[in-house]
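Before any comments, here is the structure.
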Protein chains: 2
Amino acid sequence: MDKSTTKQRLLDVAEKLFADSGYHCTSLRKITAEAGVNLASVSYHFGSKEALVEAIFERRLRPLNEERLGRLEAVRADAAAAGRKPTAEEALRAFIEPTLRFRDSAPGARYFLHLIGRALTEPDDAVRSIFFRMVGPLFALLFEVLTETLPNLSRNQVFWRLNFAIGAISRCTFLPEKLPVVPPGVELEPSPDLQIDMLVGFLVAGMEAS
Amino acid sequence: MDKSTTKQRLLDVAEKLFADSGYHCTSLRKITAEAGVNLASVSYHFGSKEALVEAIFERRLRPLNEERLGRLEAVRADAAAAGRKPTAEEALRAFIEPTLRFRDSAPGARYFLHLIGRALTEPDDAVRSIFFRMVGPLFALLFEVLTETLPNLSRNQVFWRLNFAIGAISRCTFLPEKLPVVPPGVELEPSPDLQIDMLVGFLVAGMEAS
DNA sequence: CGGCAATTAAAACAAACGTTTGACTTATTT
DNA sequence: AAATAAGTCAAACGTTTGTTTTAATTGCCG
């Protein structure tokens, strides 16, 4: 950490603090203090607090989205090559597997997952817009593929079931440390593969419900 | 609105503004200005900004939670009286129907639903604690009933499926005005009954998935 | 009407915020 | 080695925040 540049330390520390306490509850003074850099360096390297959080999203979300987009297009292409429609499970796995495996893909990636778990309900318009702009095309493609896989459902039904699914997925990328109730015997941080299986099993059944 | 007391105007206006822009992005000056009351009246009537948001939660969430608790206990009692286990659909409807019908139950109730839709990921520890303290017993009971209805699932599986369900439900109580993608032909605000049917159909299938 | 408590009003409080400034140091280039 | 660029630093900027203070006003009861 000490050998990295100021810019990268800012990205790493801000990512963690934003994930812990949210955008507005995290001041630039907290970030720069914990990073051991000067307060003005945020302005120098990024221009503003908002540009800092945008850079954080850009760094992690761009490669993640490219992977999910590629997987989704591959699902579509494979099915077309085989002369069939893709299945709901294929479409959902193309989105979910990269997302949940992302947690252990890099140091600090788990903090970023926490951050995007809160992005759907982010109170700040500017910050939410940054996120929505980046995931918009991905959600649109996922919606299109799902309408193909579920021809018996209206577009409205697919839209809402996709919304339900996104809500369920976000509970895997963001579980607050203080839960209202944690019964004994539950695993708060299952392995990505186990979590994927639980989530896909749940969502495929919900998506294909008659 | 003009005839109501200062205290109630503060509750109504703050509820709406907190729902629109979140707790931290809404200043007491915005609230008191829009309510047409003096800034110091928040301190006088409630004591602090945090106590104000707690009063907002208290006012709406207490009766809503009592209704959901009552319905859940009734589901349990009815099944026991009939010598059978409750079904997952009964348990989920006991929670979901009061929640989604709450939107049209009173003026301003829709704003409060927006507010609790964000409460799960609220960045402020104190505000999130207020919410979690109020819904904790309810979630605990819902978890217990669901473990009874799904004897083939481990407690860990029930816990996570309940989490998925809560995430899906929260997408009905909070849909941001600016969505990443809104395909043509979707109904962004369906009637409570239609939304309940869509949600229950989705969640029962997911809950009971093998 | 007079008096007391409840409420509202205007002003000021200290603290924290994001941002900017200008001097200083380090690194790179010519 | 000189000159230019890049980066860091402490300090201060003006604004906004939640909260407090003190005075004025209102409403109610004897």
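Sequence lines set the chain letters: A, B, ... in the order given, protein chains first and strands last, and positions in each chain run from 1.
Between B:Leu39 and B:Gly36, it is B:Gly36 whose nearest contact on DNA chain C lies nearer the 5' terminus. In this structure, B:Ser27 and A:Asn38 both approach DNA chain D, and ranking their closest nucleotides by distance from the 5' end singles out A:Asn38. Checking A:Arg29 against A:Tyr44, the closest nucleotide of DNA chain D that is more toward the 5' end is the one next to A:Tyr44.
Taking atom NE2 on B:His45 and atom C1' on C:dA9, their separation rounds to 12 Å, with Å as the unit. Rounded to whole Å, the distance from CD on B:Gln8 to P on C:dT8 is 12 Å. Across the protein-nucleic acid pair, B:Leu17 atom CG and D:dT17 atom C1' stand 16 Å apart, rounded to whole Å. In this structure, B:Leu28 atom CG and D:dT16 atom C1' are separated by 12 Å, rounded to whole Å. Atom P of nucleotide C:dA6 and atom CZ of B:Phe46 are separated by 17 Å, given to the nearest angstrom. As a whole-Å value, the separation of B:Ile31 CD1 from D:dT19 P is 11 Å. The nearest whole Å value for the distance from the CG atom in B:Leu52 to the P atom in D:dT17 is 15 Å. A straight line from NZ of A:Lys49 to C1' of C:dT20 spans 17 Å, rounded to a whole angstrom.
Cation-pi geometry between B:Lys7 and B:Tyr44 is not satisfied (NZ or CZ under 6.0 Å from the ring centre, within 45° of the ring normal). The side-chain tip of B:Arg118 does not point at the ring of B:Phe174 from less than 6.0 angstrom away and within 45° of straight on.
Counted within 6.0 Å of CZ on A:Arg133, heavy atoms from surrounding residues, nucleotides or ligands total more than 12; the atom is thus considered enclosed.
Checking D:dT19, C:dA9, C:dT8 against every side-chain atom of B:Ala40, the shortest atom distance belongs to C:dA9. Side-chain proximity of B:Ser43 to the nucleotides D:dA10, C:dT8, D:dT20 is greatest for D:dT20.
Between the side chains of B:Thr99 and B:Arg68, at least one donor-acceptor pair of N or O atoms lies under 3.5 Å.
Using a 4.0 Å heavy-atom distance criterion, A:Thr26 is classed as a sugar-phosphate-only contact. Nucleic acid contact for A:Ser41: none, since no nucleic acid atom lies under 4.0 Å from a heavy atom of the residue.
Ring centers of A:Tyr111 and A:Phe18: at least 6.0 Å apart, outside the cut-off.
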